[in-house]
Structures are given as structure tokens and as C-alpha cells.
Asks: 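Supplied in C-alpha cells, the structure appears directly below.
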Amino acid sequence: MAMVGLFWIAEGDVYVGAKPSGLAPGVRLSPEGVVALGDGQAGLYPWEVVQALTVEYVPVKTLKRQVGVAGTLALSAVTGWVDELAPMMALHLRSGTDTHELWTFAAAVAGYTQTELDLSRTLLSRLTEGAATMATTLAAMSEWGRAWEGGSPRGTERERLLQGWVD
């Protein structure tokens, strides 16, 4: 499993945000369409009806956010108090005249770099350009996920991967 930009890639599955567990909300990108997961938002939106994918409320990495996360983790270790560390993001899916808001947890608790965010947004837009583009892009992401062994790559490697999937 690895985080690359706004995407969590586990074996061949591609998620926007963190891979959900249990009833937690999440969004999976499959060859069939966008799959809303979790309590209150389950459903499949076939690629044929998806006109746009945009993401909002994405935490951007800043020094203040990194210090805040480190402080919360330290407080949790000392007191046993656990706060909800992962912020929520909203994926807005437009189909026809409808917009659906799908929620997911951010995989990067301290936030994403602006470059990763920009490339991820471009990649989400690219997925809606047509069936061939979507299939090729998702296949490349899934193939990388099946071949990758280890945790999330370093920042420059994540940016290189995102750029390759966008091109």
C-alpha cells in the first residue's frame, strides 16, 4: 500500500484519499466507475455518466499543520487521549445536472504538498476525458500498485509518478 498524491494505491485498487476500513467513508476508482464506500454513501457511478471530478477541503502541508500534528501525537502518547487526526476531503462528482459529494479521509495527516495536490487534481480531471484515457490511466496506476513493494515513495518520486500518469 502506498500514498501517491491524493491517491492510496493498495495492490491493484486505487482510492481517492485513504483506503477506508469498516464503515468509514471512502472512494475507490475502478474500471467500472467511481465507487462510494462507507456508511451513508455506498454506490457506483459509471464512468459513462461522470463528467467531472473535483476535490475540496484538501489539507495542504504547512509548517503549522506539521507542528500541530506532531503536538497532537505527543499529547496522545502521554495522556492516552486520541483525537481524529485525519482530516476529511470531499470528492465532488458531476453527472448531468447533479453533483454528488463523496467523503473520504485524507491519507496525509500533515497535508499534501501543493505540487502533489495540483498534479492529483489534473489526474482526476484526466480520468473524465474519455473511456480510453481513463482505462489507460487507471491501468497504469493499478499496475504500479501491484508491482510496488514497500511504503509510500518519497515526495519527489510521488511527483514523478503523478506527472507520468498525467502525461
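This chain uses plain numbering: 1 for the first residue, then up along the sequence.
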Asks: Within the structure provided, determine whether Leu123 and Phe7 are in side-chain contact (heavy-atom separation under 4.5 Å).
Replies: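 Side-chain contact under 4.5 Å: yes.
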
Asks: Got a second to check how far Leu53's CG is from Ser120's OG, nearest 0.5 Å?
Replies: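 Result: 12.5 Å between the selected atoms.
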
Asks: Taking all atoms of both residues into account, what is the closest heavy-atom pair of Val58 and Val55, and its distance?
Replies: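 Where Val58 meets Val55 most closely, the heavy atoms are CG2-CG2, 3.6 Å.
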
Asks: Does the Thr104 side chain pair with the main chain of Val16, one donor and one acceptor, at a distance under 3.5 Å?
Replies: yes

Asks: Glu11: what forms a side chain to side chain donor-acceptor pair (under 3.5 Å) with it, not counting sequence neighbours?
Replies: none

Asks: Quick check for you: to the nearest 0.5 Å, what is the distance between Leu93 atom CG and Thr54 atom OG1?
Replies: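 One finds 8.5 Å between CG of Leu93 and OG1 of Thr54.
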
Asks: Check Ala10 against Tyr15 and note the closest heavy-atom contact, atom names and distance.
Replies: CB-CE1, 4.5 Å

Asks: So Ile9 and Trp148, do their side chains get closer than 4.5 Å, heavy atoms only?
Replies: no

Asks: Applying side-chain contact (heavy atoms from CB on, under 4.5 Å), name anything that partners Thr99, two or more places apart in sequence or on another chain.
Replies: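 Once residues adjacent in sequence are excluded, the partners of Thr99 under the side-chain contact (heavy atoms from CB on, under 4.5 Å) criterion are His92, Arg94.
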
Asks: Rounded to the nearest 0.5 Å, what's the gap from OG1 on Thr115 to CD on Gln163? Could you check?
Replies: 10.0 Å

Asks: According to the salt bridge (charged side-chain N to carboxylate O under 4.0 Å, His left out) rule, which pairs have a member within residues 101-115, sequence neighbours left out?
Replies: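 The answer is none; no pair qualifies.
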
Asks: Atom CG in Asp98, atom CD in Gln51: separation rounded to 0.5 Å?
Replies: 9.5 Å

Asks: Under 3.5 Å, which donor-acceptor pairs do the side chains of residues 24-47 form with other protein atoms, sequence neighbours left out?
Replies:
unit_1 : atom_1 : unit_2 : atom_2 : d
Ser30  : OG     : Glu32  : N      : 3.2
Ser30  : OG     : Glu32  : OE1    : 3.2
Ser30  : OG     : Gly33  : N      : 3.2
Ser30  : OG     : Gly33  : O      : 3.0
Gln41  : OE1    : Trp103 : N      : 2.9
Gln41  : NE2    : Gly26  : O      : 3.2
Gln41  : NE2    : Leu37  : O      : 3.1
Gln41  : NE2    : Trp103 : O      : 2.8
Trp47  : NE1    : Ser30  : O      : 2.6

Asks: What's the shortest heavy-atom distance between Tyr112 and Ala107, and which atoms?
Replies: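 Residues Tyr112 and Ala107, closest heavy atoms: OH-N, 2.9 Å.
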
Asks: Once side-chain contact (heavy atoms from CB on, under 4.5 Å) is applied, do any residues pair with Arg158, and if so which ones, sequence neighbours excluded?
Replies: Met3, Val4, Glu116, Pro153

Asks: Suppose we screen for side chain to side chain donor-acceptor pair (under 3.5 Å). Which residues come up paired with Arg146, at least two apart in sequence or across chains?
Replies: none

Asks: Identify the heavy atoms of Tyr57 and Met89 that sit nearest to each other, and give their distance.
Replies: O-CG, 3.9 Å

Asks: Within this structure, what is the CG-CG distance for the pair Leu6 and Leu91, rounded to the nearest 0.5 Å?
Replies: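 CG of Leu91 is found 9.5 Å from CG of Leu6.
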
Asks: Pair up each side-chain donor or acceptor in residues 127-143 with any protein partner under 3.5 Å, not counting sequence neighbours, and list the distances.
Replies:
unit_1 : atom_1 : unit_2 : atom_2 : d
Thr128 : OG1    : Ser125 : O      : 2.7
Glu129 : OE1    : Arg126 : NH1    : 3.4
Thr136 : OG1    : Ala132 : O      : 2.8
Thr137 : OG1    : Thr133 : O      : 2.8
Ser142 : OG     : Gly12  : O      : 2.8
Ser142 : OG     : Leu138 : O      : 3.0

Asks: Provide the closest heavy-atom pair for Pro59 versus Ala108 in the form atom of the first, atom of the second, distance.
Replies: CG-O, 4.2 Å

